[in-house]
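Within every chain, numbering begins at 1; the chains are lettered A, B, ... in the order of the sequence lines, protein sequences first and strands thereafter. Here the structure is a predicted model, which is why all the values come from computation and not from measurement.
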Amino acid sequence: MNSLDRQALEASLSEIAPQLLAEAPKKAAERQLPDLPAAIDGAVVLRLPPEPSGYMHLGHAFHGIVNHLYRERYRGFLWLRFEDTNPRKVRPEYYDSYREGYRWCGVKWDAEKSNSDDMELYYEYARRLFESGHLYVCSCSKEEMARQRAEGVVCSHRSMDNTWHLERWDSMLSGAMSEGEAVVRFAGDPRSQNTALRDPVLFRIVDHPHPLKGDRYVVWPTYDFAAAIQDAVCGVTHVLRTSEFMFRDALQDAIRERLGLKNPVYVEYSRFEFEGTPLSRRRIRELIERGVVGGWDDPRLGTVTAARRRGIVPEALREFVKSYVALTPSRKLYSWELLYSINRKILDPKAPRLFFTPSPRRVILRGSEGRVVTAPLHPSMDMGSRTIEVGETVYIPGSDAERLKPGDRFRLKYFVNLRVLGLDDDVLVCEAEEGGPEPGLQVIQWVPEGSAALRVLVPDQLFRGEELNLESLRTVEGLVEPYEAKIAAGTVVQFERFGYCIKDGPGLYIFTHR
RNA sequence: GCUCCGGUAGUAUAGCCCGGUCAAGUAUGCGGGCCUCUCGAGCCCGAGACCCGGGUUCAAAUCCCGGCCGGAGCACCA
């Protein structure tokens, strides 16, 4: 090998492994998620467990995408599993909103179920645990129970014999006991440092109909029991979740071990947050009730509907996860710019360019009679063009008009060069000049007489640190060129020198980002 | 309060497990330039970080101890 000269070496390399020859990569190799521990290609089973009790936010979307990406990498299996064992919190409409949300994000799942589908199974496993002495019925009050758990002691119920517990369990199931009268607890380790192991409640009576199951069941498993069983019966090999569940691992494992079920591998990481944007449902609900934001799809919010309404595209979310998301326990507070940058690059080749003039100022043209201007809809993509009929007046952005003084020259984009003659009653009087674009000549977008009024909502971060940002939603008003009438709602356009905006409805756009 | 877990540029990360190739890579943001009939995209250049203190070692971003700071959990919610 040493005797080969460089040329020969490269020649042979280009045949066997051309990728090694690629120039010192200018672009960083595409970033991706780290490998999953102990993952076997074709044998990875994952699960996406939303609670259908509220709107989906970007954190949920990221979790979905993470699972989806691993499903693809390992040719694995992904469950969409609704964690709906609290009848009081679950609302029927949210099941669909998650399905739709994940679908929009491009997440593909192989099968779907709800934890509430397997009530009989939970009962069966419970019976076995009663028989082996790992479960007991307790009728202490909540306060009493909290005291015991804090002090690391057990109550007298735990020492009753199995027959006593089984009798009461049957009585719970039959509906003879009312809510709060008794619960089923796990015979754990009352003195464990991990308080989740101090005889937690695994079943309770809930006197409230379930949106899917009606009033068929009154005894409901808590999260830990349902999740422990479901992860096992679904054959889940890897549980990807946020680290607030860290303390439950040992409990869920213990439940499964006592039933002879297999435990999954856990990958736990901190939650995903965006600066200035509350993601918790509780906080969002509060902001809506206080009237601070308009609703769940208020463009300032971090819900999926809000992001979508704002012009964030699903590809950008997926790309963001690959590029910037790490499954580590350290705190993350993403800056919106990171997402915007990716979104912008995806939108750039697709968004038609249009002229919008905020705070318009009238310009009278001298020496340029009625003309029809043809302007391309995109500077580099082949998107065709639009024509603009012009008379003797046009409008330009107020901020540009303010800077212009008599004698100044500027160009109306795709149209004509002008020289400012003077200011007359707030109207700029200009004279047309010969010639086309010149290096260094200021180019300004414009709209003709008769253009429609347009409002653009410009959302900003809701919070600055802890402080509510009182100017988080500005409205910019201006005029837009006639072609805008052809734009369909939901389309992102770029208003030149203003930014990318999405059409929300007639006469209304939402600013996506610069 | 108790228990866990973290801490690499403004932000997000790579590297840390298996100490040297790291006078720390990437993206974004920021500054400058080029290009462009946009303040967008693209291209080039630049500034910018290993929380602090000890220890181990020939050698520490990487291992150990302490401190500081941050986060999470301590529900008949998930």
Parallel, tilted or perpendicular, as decided by the 30° and 60° cut-offs, for the rings of A:Trp220 and A:Tyr217: perpendicular
Name the nucleic acid region contacted by [X], choosing base, sugar-phosphate or nothing; use a 4.0 angstrom heavy-atom cut-off, strictly under.
X	answer
A:Arg88	nothing
A:Ser53	nothing
A:Leu202	nothing
A:Tyr414	base
A:Pro49	nothing
A:Arg344	sugar-phosphate
A:Gly180	base
A:Ser323	nothing
A:Asp400	base
A:Cys140	base
A:Asn86	sugar-phosphate
A:Thr222	sugar-phosphate
A:Arg331	sugar-phosphate

Write down the distance separating the [atom1] atoms in [N] and [M], rounded off to the nearest Å.
N	M	atom1	result
B:rU3	B:rA9	P	29 Å
B:rG15	B:rC63	C1'	16 Å
B:rG46	B:rG25	P	12 Å
B:rC16	B:rG20	C1'	14 Å
B:rG7	B:rC37	P	49 Å
B:rU57	B:rA75	C1'	50 Å
B:rC17	B:rC43	P	35 Å
B:rU21	B:rU62	C1'	14 Å

To the side chain of [X], which of [options] is closest?
X	options	result
A:Lys142	B:rC76, B:rA41, B:rC37	B:rC76
A:Pro379	B:rG10, B:rU38, B:rU13	B:rU38
A:Glu496	B:rU13, B:rU38, B:rA78	B:rU38
A:Glu51	B:rA78, B:rG7, B:rU28	B:rA78
A:Lys413	B:rU28, B:rC37, B:rU3	B:rC37
A:Asp348	B:rA12, B:rC74, B:rG40	B:rG40
A:Met246	B:rG10, B:rA12, B:rC4	B:rC4
A:Tyr500	B:rC77, B:rU38, B:rG40	B:rG40
A:Arg149	B:rA78, B:rG42, B:rA75	B:rA75
A:Arg353	B:rU38, B:rC77, B:rC76	B:rU38

Along RNA chain B (nearest heavy atom to each residue), the more 5'-positioned of A:Phe245 and A:Tyr334: A:Tyr334
Most 5' of A:Ser243 and A:Asn194 on RNA chain B, judged by nearest nucleotide: A:Asn194
Polar pair under 3.5 Å, donor/acceptor by atom type, side chain A:Gln494, base B:rU38: yes
With no hydrogens and no angle check, do the side chains of [X] and [Y] hold a donor and an acceptor under 3.5 Å apart?
X	Y	result
A:Gln461	A:Asn469	no
A:Tyr395	A:Gln445	no
A:Ser53	A:Glu51	yes
A:Thr242	A:Arg271	no

Look at [X] and [N] and indicate whether a side-chain polar atom (N or O) is within less than 4.0 Å of OP1 or OP2.
X	N	value
A:Lys332	B:rU13	yes
A:Arg281	B:rC77	no
A:Lys345	B:rU28	yes
A:Tyr223	B:rC76	no

Whole-Å distance between [N] [atom2] and [X] [atom1]?
X	N	atom1	atom2	answer
A:Leu279	B:rA78	CG	C1'	16 Å
A:Gln193	B:rA72	CD	P	21 Å
A:Phe247	B:rG73	CZ	C1'	4 Å
A:Tyr269	B:rU13	OH	P	13 Å
A:Arg248	B:rA75	CZ	C1'	9 Å
A:Glu273	B:rG70	CD	C1'	12 Å
A:His210	B:rA78	NE2	C1'	13 Å
A:Asp249	B:rA72	CG	P	18 Å

A:His60 ring center within less than 6.0 Å of A:Tyr102 ring center: no
A:Asp207 atom CG, over 12 foreign heavy atoms within 6.0 Å: no
With distance as the sole test, does [X] use its side chain to make a donor-acceptor pair with the main-chain N or O of [Y] at under 3.5 Å?
X	Y	result
A:Asp84	A:Ser116	yes
A:His165	A:His157	yes
A:Thr303	A:Trp296	yes

Geometric cation-pi criterion, A:Arg256 with A:Tyr125: 6.0 Å, 45°: no
Aromatic A:Phe463 / basic A:Arg283 pairing, under 6.0 angstrom, 45° off normal: yes
Consecutive-pair stems (3 or more, Watson-Crick or G-U, under 3.5 Å) for RNA chain B: B:1-7 with B:68-74, B:10-13 with B:25-28, B:30-34 with B:42-46, B:51-55 with B:63-67
